[in-house]
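Computed from a prediction, not measured in an experiment: that's the story for all the values here.
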Amino acid sequence: MPIFNADFHKVSVPLKHVLQFMLLIGFCLTTVADSDVTGDLTAFKERLQNSVAWKSMGVQISDLQTSPMPGFYTVLLTSGEVVYVDESVNFVVGEMLIELTDDEAIHHTNAFKKDYRKKVLAEADLPTLNYSPPDGTKYIAYVFTDTSCGYCRQLHQEMEGYHDLGVEIRYIFWARAGIQSKPHEEMVSAWCAQNPHKALDLLKQGRSIPQKSCKNRLEQNYNVVRQLGLDGTPAIVLEDGTLIGGYVTPPNLLRHIDTSS
């Protein structure tokens, strides 16, 4: 069918062409909108960081997004704190933003932090030592662990209980004393051992293992710890980004999982 019909002096366009055109327009508008948001965030971040008053606070920005509160931006600091800064860079409000609707209280700050943790872990692709349930994994818990941490050892002793509930424990090695410490050397030795799981089991029992070294990516764990603002072990992060600070029993961990889902 011709696009132009001379008899009626009208444009006659097949429906599929109309739909294709509408999809193209929609894609272009979405791309422009996304670009505008990114540009606004970049411009605001530069204006904030160039503010003399902001510099005087001695804080650094880890992430920045638009806020559910009109006229404000959500700012995540490297300390792990969340504050809200107005468009004019005159007011800083922290730490918790809660929206009260007709029937519920929406904790926007908690939701922002959860999304941020999930994003950081996904993008970092950290090396993990996984303890999977023999009957199949239902849930995954990322555990920042240290061989010098008593509660980390207690958590490890409960491994069978987590597995009975279908929870896979994915260990992320992080020595609180730093990269030059003995706990970090122990975890490198476990990572490089012929049987890393057996080696870590021994360390969690307070026993020693042969010192080993190999090429590894364990140092990047420390950067992620700083990004997430963690200050102790064990620190447990669920798949949706929920943070649980400290040891929890298998039943309590399952309750956290059920609540977050």
Asks: Okay, side chain of Arg47, backbone of Glu87: is any donor-acceptor separation there less than 3.5 Å?
Replies: yes
Asks: From Ser62 OG over to Gln227 CD, what is the distance, rounded to the nearest 0.5 angstrom?
Replies: 5.5 Å
Asks: Grab the two heavy atoms, one from Tyr73 and one from Thr66, that are nearest each other, plus how far apart they are.
Replies: CD2-CA, 4.2 Å
Asks: Can you hop from Val224 to Ile179 via hydrophobic side chains spaced under 4.5 Å?
Replies: yes
Asks: Quick check: are there more than 12 heavy atoms from other residues, nucleotides or ligands sitting under 6.0 Å from NZ of Lys212?
Replies: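 Counting other residues, nucleotides and ligands, NZ of Lys212 stays at 12 neighbours or fewer.
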Asks: Is it true that a side-chain atom of Glu239 and a backbone atom of Ile140 form a donor plus acceptor pair closer than 3.5 Å?
Replies: yes
Asks: For Leu218 versus Asn216, what's the shortest heavy-atom pair and its separation?
Replies: N-OD1, 3.1 Å
Asks: Is the shortest heavy-atom distance from the side chain of Glu186 to the side chain of Ile209 under 4.5 Å?
Replies: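 No. Closest side-chain heavy atoms not under 4.5 Å.
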Asks: Find the distance between CG (Leu203) and OG (Ser148) and round it off to the nearest 0.5 Å.
Replies: 11.0 Å
Asks: What distance do Leu155 atom CG and Thr249 atom OG1 have between them, rounded to the nearest 0.5 Å?
Replies: 10.0 Å
Asks: Salt bridge check, Arg217 against Glu219: does any charged N sit closer than 4.0 Å to a carboxylate O?
Replies: no
Asks: Taking the side chain as everything from C-beta on, heavy atoms only, tell me whether Tyr247 gets closer than 4.5 Å to Ile236.
Replies: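 Side-chain contact under 4.5 Å: no.
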Asks: Do Tyr116 and Val83 sit in one hydrophobic cluster, given that two such residues count as connected whenever their side-chain heavy atoms are within less than 4.5 Å of each other, even indirectly?
Replies: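 Different clusters: Tyr116 never reaches Val83 through Ile, Leu, Val, Met, Phe, Trp or Tyr contacts under 4.5 Å.
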Asks: Decide side chain to side chain contact (heavy atoms under 4.5 Å, CB included) for Val85 and Phe91; before the verdict, give the C-alpha distance in whole Å, the side-chain angles of both, and the deciding distance to 0.1 Å.
Replies: CA-CA 6 Å; Val85 185; Phe91 295 94; over 6 Å; no
Asks: Dump the intermediate steps for side chain to side chain contact (heavy atoms under 4.5 Å, CB included) on Thr42 and Glu46, then the final yes or no.
Replies: CA-CA 6 Å; Thr42 301; Glu46 290 178 357; 3.8 Å; yes
Asks: Are the side chain of Gln220 and the backbone of Ala124 linked by a donor-acceptor contact shorter than 3.5 Å?
Replies: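 Yes.
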Asks: If we ignore hydrogens and angles and just use 3.5 Å, is the side chain of Thr233 paired with the main-chain N or O of Thr145 as donor and acceptor?
Replies: no
Asks: Donor-acceptor pair, Asn195 side chain versus Lys198 backbone, under 3.5 Å?
Replies: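 Pair found, side chain donor or acceptor close to backbone of Lys198.
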Asks: Applying the side-chain contact (heavy atoms from CB on, under 4.5 Å) test to Ile244, which of Leu238, Val143, Ile257 qualifies?
Replies: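 For Ile244, the side-chain contact (heavy atoms from CB on, under 4.5 Å) check succeeds only for Leu238.
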Asks: Is it the case that over 12 heavy atoms from other parts of the model lie below 6.0 angstrom from the CD atom of Glu104?
Replies: yes
Asks: Quick one: are Pro133 and Asp135 in side-chain contact, heavy atoms under 4.5 Å?
Replies: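 A side-chain contact under 4.5 Å is absent here.
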Asks: Within this structure, what is the NE2-CG distance for the pair His108 and Leu97, rounded to the nearest 0.5 Å?
Replies: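 Reported to 0.5 Å precision, the distance equals 5.5 Å.
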Asks: What's the shortest heavy-atom distance between Ser189 and Pro210, and which atoms?
Replies: CB-O, 3.6 Å
Asks: Is the backbone N or O of Arg176 less than 3.5 Å from a side-chain atom of Asp146, with the two atoms forming a donor-acceptor pair by type?
Replies: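 Yes, the answer is positive, given that a donor and an acceptor are paired below the 3.5 Å cut-off.
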Asks: Is the distance between the ring centroids of His184 and Phe173 under 6.0 Å?
Replies: no
Asks: With side chain to side chain contact (heavy atoms under 4.5 Å, CB included) as the test, would you mind laying out the steps for Val167 and Ile169 before giving the verdict?
Replies: CA-CA 6 Å; Val167 180; Ile169 300 295; 4.1 Å; yes
Asks: Would you confirm whether Asn50, through its side chain, and Leu48, through its main-chain N or O, come within 3.5 Å as a donor-acceptor pair?
Replies: no
Asks: Counting only heavy atoms not in Gln60 (residues, nucleotides, ligands), do more than 12 fall under 6.0 Å from its CD?
Replies: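 Open: at most 12 neighbouring heavy atoms sit under 6.0 Å from CD of Gln60.
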Asks: Quick check for you: to the nearest 0.5 Å, what is the distance between Met96 atom CE and Thr109 atom OG1?
Replies: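 These two atoms lie 5.0 Å from each other.
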Asks: Could you tell me which non-hydrogen atom of Tyr139 sits nearest to which non-hydrogen atom of Leu165, and how far apart they are?
Replies: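 Smallest interatomic distance, heavy atoms only, reads CE1-O, 3.6 Å.
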Asks: Would you please indicate if the ring centroids of Tyr171 and Tyr131 are separated by under 6.0 Å?
Replies: yes
Asks: Side-chain heavy atoms under 4.5 angstrom apart, residues restricted to Ile, Leu, Val, Met, Phe, Trp, Tyr: same cluster for Leu200 and Leu126?
Replies: no
Asks: Is there a donor-acceptor contact under 3.5 Å from the side chain of Arg170 to the main chain of Tyr142?
Replies: no
Asks: Linking I/L/V/M/F/W/Y whenever any side-chain heavy atoms sit under 4.5 Å apart, do Leu253 and Val237 land together?
Replies: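 Unlinked, Leu253 and Val237 end up in two clusters.
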Asks: Let me check something: do Trp191 and Ile172 share a hydrophobic cluster, defined by ILVMFWY side-chain heavy atoms less than 4.5 Å apart, either directly or through other members?
Replies: no
Asks: Run the side-chain hydrogen bond (donor to acceptor under 3.5 Å, both in side chains) test on Thr74 and Gln65 for me, step by step, so that the C-alpha distance in whole Å, both residues' side-chain angles and the decisive distance to 0.1 Å come before the verdict.
Replies: CA-CA 5 Å; Thr74 305; Gln65 299 292 336; over 6 Å; no
Asks: What's the shortest heavy-atom distance between Asn130 and His197, and which atoms?
Replies: O-NE2, 2.7 Å
Asks: Is a side-chain donor or acceptor of Thr259 paired with a backbone partner of Arg255 at a separation under 3.5 angstrom?
Replies: yes
Asks: Kindly indicate whether the side chain of Thr101, heavy atoms from C-beta on, has any atom under 4.5 Å from the side chain of Ile106.
Replies: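 Yes, their side chains come closer than 4.5 Å.
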Asks: So, does Arg153 use its side chain to make a donor-acceptor pair with the main chain of Thr147 at under 3.5 Å?
Replies: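 Pair found, side chain donor or acceptor close to backbone of Thr147.
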Asks: Does any part of the side chain of Leu76, heavy atoms only, come nearer than 4.5 Å to the side chain of Ile61, both counted from C-beta?
Replies: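 Of all side-chain heavy-atom pairs linking Leu76 with Ile61, none is under 4.5 Å.
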Asks: Decide if atom OH of Tyr151 counts as having more than 12 heavy atoms of other residues, nucleotides or ligands within a radius under 6.0 Å.
Replies: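 No, because the 6.0 Å sphere around OH of Tyr151 holds 12 heavy atoms or fewer from other groups.
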Asks: Minimum heavy-atom separation for Trp174 and Leu230, please, with both atom names.
Replies: CH2-O, 4.0 Å
Asks: State the NZ-OG1 distance between Lys114 and Thr242, to the nearest 0.5 angstrom.
Replies: 4.0 Å
